[in-house]
Amino acid sequence: MDRTPAQLAAVIHGRSDVELGPMRNYLSAVTDPDRTPVHEVGPAFTAPSVEMADVRVTVSLGWQDPQFLGTFDRTAATRMIQVAISARSTGSSAEEPDIKSRAVDLPVREQIAWVRVVLGELADYAYRVLNDMAQLRVRPAFFAVFVDPPTPRLAPSDFKWLLVCGGRRAYPEKLVPENRELLTYLRRHGDMINADLVPHPQAPAPEVWAFEFVSQLAATFADRLGRMGDRRWFTFEEVSLHGRDRVVVRYTWHLVDGDKKIAFDIDLDGLRARHLREFDDPRASMAAYAVGYTPFDQPHFPSATLVDGVTWVRFGDSD
(Lines give C-alpha, C1' and ligand atoms only; values in the text may rest on other atoms or scores of the structure.)
Protein backbone atom coordinates (compact mmCIF):
# COMPACT_ATOMS: atom_id res chain seq x y z
CA MET A 1 0.00 0.00 0.00
CA ASP A 2 1.29 3.46 -0.90
CA ARG A 3 2.21 5.59 2.07
CA THR A 4 0.71 9.05 2.50
CA PRO A 5 2.80 12.25 2.46
CA ALA A 6 2.30 12.52 6.23
CA GLN A 7 3.64 8.98 6.75
CA LEU A 8 6.62 9.67 4.51
CA ALA A 9 7.31 12.93 6.33
CA ALA A 10 7.38 11.02 9.62
CA VAL A 11 9.99 8.66 8.14
CA ILE A 12 12.14 11.61 6.99
CA HIS A 13 11.89 13.28 10.41
CA GLY A 14 13.20 10.09 11.98
CA ARG A 15 16.35 10.00 9.87
CA SER A 16 19.68 11.28 11.13
CA ASP A 17 21.08 12.19 7.70
CA VAL A 18 18.70 15.12 7.11
CA GLU A 19 20.03 18.36 8.58
CA LEU A 20 17.18 20.88 8.84
CA GLY A 21 18.89 23.49 11.02
CA PRO A 22 19.93 25.86 8.18
CA MET A 23 16.45 25.57 6.62
CA ARG A 24 14.73 26.48 9.86
CA ASN A 25 17.05 29.42 10.49
CA TYR A 26 16.39 30.72 6.98
CA LEU A 27 12.61 30.37 7.33
CA SER A 28 12.75 32.10 10.69
CA ALA A 29 14.35 35.11 9.02
CA VAL A 30 11.96 35.13 6.05
CA THR A 31 8.85 34.98 8.24
CA ASP A 32 10.07 37.57 10.75
CA PRO A 33 8.40 40.96 10.04
CA ASP A 34 11.37 42.75 11.60
CA ARG A 35 13.99 41.07 9.41
CA THR A 36 14.64 40.98 5.68
CA PRO A 37 16.92 38.15 4.56
CA VAL A 38 19.86 39.43 2.55
CA HIS A 39 20.04 36.42 0.26
CA GLU A 40 17.05 35.35 -1.80
CA VAL A 41 18.74 32.02 -2.54
CA GLY A 42 18.62 29.98 0.64
CA PRO A 43 20.14 26.70 1.86
CA ALA A 44 19.87 23.30 0.21
CA PHE A 45 20.58 19.70 1.15
CA THR A 46 20.73 16.30 -0.53
CA ALA A 47 19.50 13.05 1.03
CA PRO A 48 18.43 9.55 -0.08
CA SER A 49 14.89 9.14 -1.34
CA VAL A 50 12.49 7.36 1.00
CA GLU A 51 10.49 5.85 -1.88
CA MET A 52 13.02 5.06 -4.61
CA ALA A 53 16.18 2.96 -4.37
CA ASP A 54 19.49 4.44 -5.54
CA VAL A 55 18.01 7.93 -5.86
CA ARG A 56 19.07 11.03 -4.00
CA VAL A 57 16.83 14.04 -3.51
CA THR A 58 17.96 17.66 -3.49
CA VAL A 59 15.77 20.20 -1.70
CA SER A 60 16.52 23.92 -2.01
CA LEU A 61 14.87 26.93 -0.44
CA GLY A 62 14.55 30.59 -1.44
CA TRP A 63 12.29 33.60 -1.27
CA GLN A 64 11.38 36.64 -3.34
CA ASP A 65 9.15 39.70 -3.29
CA PRO A 66 5.97 38.78 -5.21
CA GLN A 67 4.45 42.28 -5.38
CA PHE A 68 4.78 42.52 -9.16
CA LEU A 69 3.43 39.03 -9.79
CA GLY A 70 -0.07 39.64 -8.44
CA THR A 71 -2.29 41.91 -6.37
CA PHE A 72 -1.08 42.21 -2.78
CA ASP A 73 -1.62 44.70 0.03
CA ARG A 74 1.75 46.42 -0.16
CA THR A 75 1.67 47.37 3.54
CA ALA A 76 1.85 43.66 4.42
CA ALA A 77 5.33 43.17 2.87
CA THR A 78 4.31 39.77 1.49
CA ARG A 79 7.09 37.29 0.81
CA MET A 80 6.94 34.22 -1.41
CA ILE A 81 8.88 31.21 -0.16
CA GLN A 82 9.89 28.75 -2.87
CA VAL A 83 10.89 25.13 -2.51
CA ALA A 84 12.52 23.29 -5.41
CA ILE A 85 12.86 19.50 -5.34
CA SER A 86 14.86 17.41 -7.82
CA ALA A 87 15.97 13.80 -7.85
CA ARG A 88 18.79 11.96 -9.59
CA SER A 89 19.70 8.33 -9.89
CA THR A 90 22.99 7.24 -8.37
CA GLY A 91 22.88 3.78 -9.95
CA SER A 92 24.33 1.37 -7.43
CA SER A 93 26.52 4.06 -5.90
CA ALA A 94 25.64 5.72 -2.61
CA GLU A 95 27.70 8.77 -3.47
CA GLU A 96 26.33 12.21 -4.29
CA PRO A 97 24.83 12.41 -7.80
CA ASP A 98 26.72 14.59 -10.26
CA ILE A 99 25.39 16.75 -13.08
CA LYS A 100 25.67 13.86 -15.55
CA SER A 101 23.55 11.47 -13.50
CA ARG A 102 20.06 10.72 -14.74
CA ALA A 103 17.24 12.94 -13.50
CA VAL A 104 14.18 11.00 -12.33
CA ASP A 105 10.60 11.88 -11.47
CA LEU A 106 10.05 11.71 -7.75
CA PRO A 107 6.56 10.52 -6.76
CA VAL A 108 4.32 13.45 -5.91
CA ARG A 109 3.57 12.06 -2.44
CA GLU A 110 7.28 12.10 -1.63
CA GLN A 111 7.66 15.62 -3.03
CA ILE A 112 4.88 16.77 -0.69
CA ALA A 113 6.51 14.91 2.20
CA TRP A 114 9.79 16.80 1.73
CA VAL A 115 7.87 20.09 1.49
CA ARG A 116 6.11 19.33 4.77
CA VAL A 117 9.38 18.43 6.44
CA VAL A 118 11.02 21.67 5.31
CA LEU A 119 8.12 24.10 5.73
CA GLY A 120 6.38 22.62 8.75
CA GLU A 121 2.94 24.16 9.34
CA LEU A 122 3.51 26.62 6.48
CA ALA A 123 3.04 23.69 4.09
CA ASP A 124 -0.72 23.84 4.69
CA TYR A 125 -0.72 27.04 2.60
CA ALA A 126 1.64 25.77 -0.10
CA TYR A 127 0.91 25.38 -3.81
CA ARG A 128 2.51 22.91 -6.19
CA VAL A 129 3.26 24.82 -9.41
CA LEU A 130 2.90 22.81 -12.61
CA ASN A 131 3.81 23.72 -16.17
CA ASP A 132 3.76 22.23 -19.65
CA MET A 133 7.53 21.66 -19.78
CA ALA A 134 7.29 18.74 -17.36
CA GLN A 135 5.45 16.80 -20.05
CA LEU A 136 8.55 16.74 -22.26
CA ARG A 137 11.33 16.02 -19.80
CA VAL A 138 12.05 15.52 -16.13
CA ARG A 139 12.16 18.84 -14.31
CA PRO A 140 12.45 19.90 -10.68
CA ALA A 141 9.19 20.23 -8.76
CA PHE A 142 8.34 23.75 -7.61
CA PHE A 143 6.30 24.71 -4.57
CA ALA A 144 5.38 28.16 -3.30
CA VAL A 145 3.88 29.54 -0.11
CA PHE A 146 3.02 33.17 0.67
CA VAL A 147 3.56 34.87 4.00
CA ASP A 148 2.51 38.26 5.34
CA PRO A 149 5.17 37.99 8.03
CA PRO A 150 4.67 36.12 10.25
CA THR A 151 1.28 34.86 8.98
CA PRO A 152 0.85 32.51 6.00
CA ARG A 153 -1.79 33.46 3.44
CA LEU A 154 -3.38 32.28 0.19
CA ALA A 155 -2.34 33.48 -3.25
CA PRO A 156 -4.27 36.22 -5.07
CA SER A 157 -6.47 35.10 -7.96
CA ASP A 158 -4.46 37.08 -10.53
CA PHE A 159 -1.04 35.68 -9.58
CA LYS A 160 1.27 35.07 -12.57
CA TRP A 161 2.33 31.48 -11.90
CA LEU A 162 4.15 31.23 -15.22
CA LEU A 163 6.87 33.53 -13.89
CA VAL A 164 7.58 31.14 -11.03
CA CYS A 165 8.45 28.04 -13.04
CA GLY A 166 8.73 29.06 -16.70
CA GLY A 167 7.21 27.35 -19.71
CA ARG A 168 4.27 28.46 -21.85
CA ARG A 169 1.47 27.48 -19.47
CA ALA A 170 1.45 27.09 -15.70
CA TYR A 171 -1.12 26.54 -13.01
CA PRO A 172 -1.15 25.93 -9.24
CA GLU A 173 -2.36 22.87 -7.39
CA LYS A 174 -3.16 23.56 -3.74
CA LEU A 175 -1.75 21.08 -1.23
CA VAL A 176 -4.46 19.55 0.93
CA PRO A 177 -3.95 21.07 4.38
CA GLU A 178 -3.79 19.06 7.58
CA ASN A 179 -5.44 21.94 9.44
CA ARG A 180 -9.15 21.07 9.47
CA GLU A 181 -10.34 24.67 9.83
CA LEU A 182 -8.30 25.73 6.80
CA LEU A 183 -9.59 22.75 4.83
CA THR A 184 -13.18 23.75 5.62
CA TYR A 185 -12.45 27.32 4.56
CA LEU A 186 -10.96 26.18 1.24
CA ARG A 187 -13.99 24.00 0.51
CA ARG A 188 -16.33 26.92 1.11
CA HIS A 189 -14.38 29.80 -0.42
CA GLY A 190 -11.79 28.34 -2.79
CA ASP A 191 -8.01 28.23 -2.58
CA MET A 192 -7.22 31.80 -3.68
CA ILE A 193 -8.09 35.33 -2.61
CA ASN A 194 -10.17 37.38 -5.04
CA ALA A 195 -7.73 40.05 -6.25
CA ASP A 196 -10.57 42.60 -6.40
CA LEU A 197 -10.95 42.33 -2.62
CA VAL A 198 -7.33 43.19 -1.85
CA PRO A 199 -7.23 46.67 -0.29
CA HIS A 200 -4.98 49.34 -1.75
CA PRO A 201 -2.63 50.50 1.00
CA GLN A 202 -3.20 54.21 0.31
CA ALA A 203 -6.93 54.14 -0.42
CA PRO A 204 -9.15 55.83 2.19
CA ALA A 205 -12.41 54.32 3.36
CA PRO A 206 -15.28 54.60 0.82
CA GLU A 207 -17.07 57.24 2.92
CA VAL A 208 -13.96 59.43 3.06
CA TRP A 209 -13.26 58.85 -0.63
CA ALA A 210 -16.79 60.01 -1.51
CA PHE A 211 -16.47 63.30 0.39
CA GLU A 212 -12.99 63.94 -1.04
CA PHE A 213 -14.33 63.29 -4.53
CA VAL A 214 -17.27 65.70 -4.23
CA SER A 215 -15.10 68.41 -2.70
CA GLN A 216 -12.48 68.16 -5.47
CA LEU A 217 -15.14 67.90 -8.18
CA ALA A 218 -16.82 71.13 -7.06
CA ALA A 219 -13.44 72.85 -6.79
CA THR A 220 -12.51 71.73 -10.31
CA PHE A 221 -15.75 73.11 -11.75
CA ALA A 222 -15.21 76.41 -9.94
CA ASP A 223 -11.61 76.67 -11.11
CA ARG A 224 -12.46 76.05 -14.76
CA LEU A 225 -15.37 78.50 -14.68
CA GLY A 226 -13.11 81.10 -13.12
CA ARG A 227 -10.55 80.69 -15.89
CA MET A 228 -13.22 81.38 -18.51
CA GLY A 229 -13.66 84.98 -17.33
CA ASP A 230 -16.81 86.64 -18.64
CA ARG A 231 -17.60 83.85 -21.09
CA ARG A 232 -20.54 82.03 -19.55
CA TRP A 233 -20.82 78.86 -21.55
CA PHE A 234 -21.87 76.70 -18.61
CA THR A 235 -24.27 76.94 -15.72
CA PHE A 236 -23.99 74.30 -12.99
CA GLU A 237 -27.23 73.65 -11.16
CA GLU A 238 -26.35 70.66 -8.96
CA VAL A 239 -23.44 68.76 -7.49
CA SER A 240 -24.85 66.38 -4.90
CA LEU A 241 -23.80 63.24 -3.02
CA HIS A 242 -26.40 60.49 -2.59
CA GLY A 243 -25.43 58.06 0.15
CA ARG A 244 -21.75 57.17 -0.14
CA ASP A 245 -21.63 55.74 -3.64
CA ARG A 246 -23.46 58.06 -6.04
CA VAL A 247 -22.93 61.65 -7.18
CA VAL A 248 -25.26 63.59 -9.46
CA VAL A 249 -24.12 66.62 -11.47
CA ARG A 250 -26.53 68.76 -13.51
CA TYR A 251 -25.44 71.59 -15.77
CA THR A 252 -26.48 73.53 -18.87
CA TRP A 253 -24.17 73.95 -21.84
CA HIS A 254 -24.96 77.24 -23.59
CA LEU A 255 -24.37 76.56 -27.29
CA VAL A 256 -24.93 78.79 -30.32
CA ASP A 257 -27.74 76.48 -31.43
CA GLY A 258 -29.40 76.60 -28.03
CA ASP A 259 -28.95 75.29 -24.51
CA LYS A 260 -28.20 71.63 -23.89
CA LYS A 261 -28.98 70.13 -20.49
CA ILE A 262 -26.57 67.43 -19.32
CA ALA A 263 -26.45 65.32 -16.15
CA PHE A 264 -23.73 63.03 -14.82
CA ASP A 265 -24.72 59.93 -12.85
CA ILE A 266 -21.48 58.93 -11.14
CA ASP A 267 -21.10 55.47 -9.61
CA LEU A 268 -18.34 56.11 -7.07
CA ASP A 269 -17.63 52.45 -6.28
CA GLY A 270 -17.26 51.69 -9.97
CA LEU A 271 -15.16 54.79 -10.65
CA ARG A 272 -12.88 54.05 -7.73
CA ALA A 273 -12.41 50.42 -8.82
CA ARG A 274 -11.59 51.45 -12.40
CA HIS A 275 -8.94 53.98 -11.31
CA LEU A 276 -7.32 51.36 -9.09
CA ARG A 277 -7.43 48.71 -11.80
CA GLU A 278 -6.24 50.84 -14.74
CA PHE A 279 -3.99 53.40 -13.04
CA ASP A 280 -3.24 51.90 -9.60
CA ASP A 281 -4.26 55.32 -8.28
CA PRO A 282 -6.33 55.45 -5.06
CA ARG A 283 -6.69 59.24 -4.94
CA ALA A 284 -10.21 60.63 -5.10
CA SER A 285 -8.78 63.95 -6.27
CA MET A 286 -7.41 62.47 -9.50
CA ALA A 287 -10.70 60.76 -10.30
CA ALA A 288 -12.50 64.05 -9.63
CA TYR A 289 -10.11 65.98 -11.88
CA ALA A 290 -10.84 63.60 -14.76
CA VAL A 291 -14.61 63.95 -14.39
CA GLY A 292 -14.47 67.66 -13.60
CA TYR A 293 -12.61 68.54 -16.79
CA THR A 294 -15.04 66.60 -18.99
CA PRO A 295 -17.69 69.34 -19.57
CA PHE A 296 -15.06 71.83 -20.73
CA ASP A 297 -13.50 69.60 -23.42
CA GLN A 298 -16.41 69.72 -25.88
CA PRO A 299 -17.26 66.10 -25.13
CA HIS A 300 -19.27 63.68 -27.20
CA PHE A 301 -21.22 61.05 -25.24
CA PRO A 302 -22.08 58.15 -27.58
CA SER A 303 -23.61 56.01 -24.83
CA ALA A 304 -25.63 58.78 -23.16
CA THR A 305 -29.35 58.43 -22.49
CA LEU A 306 -31.87 61.21 -23.22
CA VAL A 307 -34.54 61.52 -20.51
CA ASP A 308 -37.04 64.41 -20.51
CA GLY A 309 -34.71 66.61 -22.52
CA VAL A 310 -31.69 65.88 -20.29
CA THR A 311 -28.66 63.96 -21.59
CA TRP A 312 -27.67 61.52 -18.84
CA VAL A 313 -24.05 60.28 -18.83
CA ARG A 314 -22.93 57.47 -16.55
CA PHE A 315 -19.46 57.35 -15.03
CA GLY A 316 -18.11 54.35 -13.21
CA ASP A 317 -17.06 50.77 -13.85
CA SER A 318 -19.25 50.53 -16.95
CA ASP A 319 -18.72 54.00 -18.39
Side-chain angles (χ1 to χ4, degrees), residues 65 67-77 156 158 194-319:
D65 183 347
Q67 297 292 340
F68 299 102
L69 301 178
T71 301
F72 295 91
D73 179 352
R74 283 175 283 176
T75 62
D158 63 350
N194 186 341
D196 292 337
L197 301 180
V198 178
H200 193 290
Q202 297 173 328
E207 297 88 348
V208 177
W209 201 91
F211 285 112
E212 290 180 353
F213 178 88
V214 172
S215 176
Q216 185 60 60
L217 184 64
T220 302
F221 288 152
D223 177 70
R224 291 305 304 264
L225 289 172
R227 293 173 183 271
M228 296 177 69
D230 296 333
R231 294 170 294 178
R232 297 302 175 189
W233 294 346
F234 301 92
T235 299
F236 284 83
E237 293 96 14
E238 178 185 354
V239 178
S240 60
L241 174 63
H242 298 257
R244 73 171 195 179
D245 59 1
R246 182 171 179 253
V247 170
V248 172
V249 175
R250 292 176 180 265
Y251 69 95
T252 301
W253 189 1
H254 304 297
L255 299 167
V256 174
D257 295 335
D259 291 350
K260 182 175 183 179
K261 292 187 175 297
I262 299 175
F264 292 168
D265 185 356
I266 306 171
D267 168 21
L268 292 185
D269 287 344
L271 189 66
R272 184 177 189 232
R274 186 168 66 84
H275 271 255
L276 284 172
R277 183 177 63 250
E278 295 182 5
F279 309 112
D280 193 30
D281 192 339
R283 293 172 294 176
S285 59
M286 298 307 296
Y289 282 139
V291 176
Y293 272 63
T294 301
F296 305 92
D297 291 336
Q298 298 185 357
H300 174 61
F301 304 113
S303 58
T305 303
L306 187 65
V307 180
D308 296 331
V310 179
T311 300
W312 282 90
V313 182
R314 182 171 176 79
F315 288 83
D317 213 23
S318 59
D319 61 341

Legend entry - side chain to side chain donor-acceptor pair (under 3.5 Å) involving T71 - partner list, sequence neighbours excluded: D158

Legend entry - Contacts of type side chain to side chain donor-acceptor pair (under 3.5 Å), residue D65, not counting sequence neighbours: none

Legend entry - Nearest heavy atoms of P206 and R272, plus distance in Å: CG-NH1, 3.7 Å

Inset, instruction - Would you give the length of the straight line joining atom CH2 of W312 to atom CG of D265, rounded to the nearest 0.5 angstrom? - result: 6.0 Å

Inset, instruction - Begin with the C-alpha distance, continue with both residues' side-chain angles, and end with the deciding distance and a verdict on side chain to side chain donor-acceptor pair (under 3.5 Å) for H242 and S240. - result: CA-CA 7 Å; H242 298 257; S240 60; 3.0 Å; yes

Inset, instruction - May I have the step-by-step check of side-chain contact (heavy atoms from CB on, under 4.5 Å) for T311 and K260, ending in yes or no? - result: CA-CA 8 Å; T311 300; K260 182 175 183 179; 3.8 Å; yes

Inset, instruction - Determine, for E207 against R244, whether the closest basic-nitrogen to carboxylate-oxygen distance falls under 4.0 angstrom. - result: yes

Inset, instruction - Kindly indicate whether the side chain of L217, heavy atoms from C-beta on, has any atom under 4.5 Å from the side chain of V249. - result: yes

Inset, instruction - Taking the side chain as every heavy atom from C-beta outward, state whether L241 and F211 have any atom pair closer than 4.5 Å. - result: yes

Inset, instruction - Supply the atom-to-atom distance R231 CZ to H254 NE2, rounded to the nearest 0.5 angstrom. - result: 14.5 Å

Legend entry - Straight-line distance of D259 CG to Y251 OH, nearest 0.5 Å: 12.5 Å

Legend entry - salt bridge (Lys or Arg N to Asp or Glu O under 4.0 Å) contacts in which one or both residues fall within residues 209-226, not counting sequence neighbours: D223-R227

Legend entry - Ring centres under 6.0 angstrom apart (F221, F234): no

Legend entry - H275 and P282, any side-chain heavy atoms less than 4.5 Å apart: no

Legend entry - V248 side chain near I266 side chain, heavy-atom distance below 4.5 Å: no

Inset, instruction - Please tell me if the side chains of L271 and F213 come closer than 4.5 Å, counting only heavy atoms from C-beta onward. - result: yes

Legend entry - Test: R314 and D267 ion pair at under 4.0 Å: yes

Would you mind writing out the side-chain donor-acceptor pairs for residues 286-301 within the sub-3.5 Å range, not counting sequence neighbours?
unit_1 : atom_1 : unit_2 : atom_2 : d
T294   : OG1    : A290   : O      : 3.0
T294   : OG1    : V291   : O      : 3.2

Inset, instruction - Kindly write out the residues that satisfy salt bridge (charged side-chain N to carboxylate O under 4.0 Å, His left out) with E278, not counting sequence neighbours, or none if the list is empty. - result: R274

Inset, instruction - Taking all heavy atoms of T252 and all of E237, pick out the closest pair and write down the distance. - result: OG1-OE2, 2.7 Å

Inset, instruction - Locate the shortest heavy-atom distance separating R232 from L225; write the atom from each residue and the value. - result: NH1-O, 4.0 Å

Inset, instruction - Could you tell me which residues satisfy side chain to side chain donor-acceptor pair (under 3.5 Å) with D308, sequence neighbours excluded, listed by chain and number? - result: none

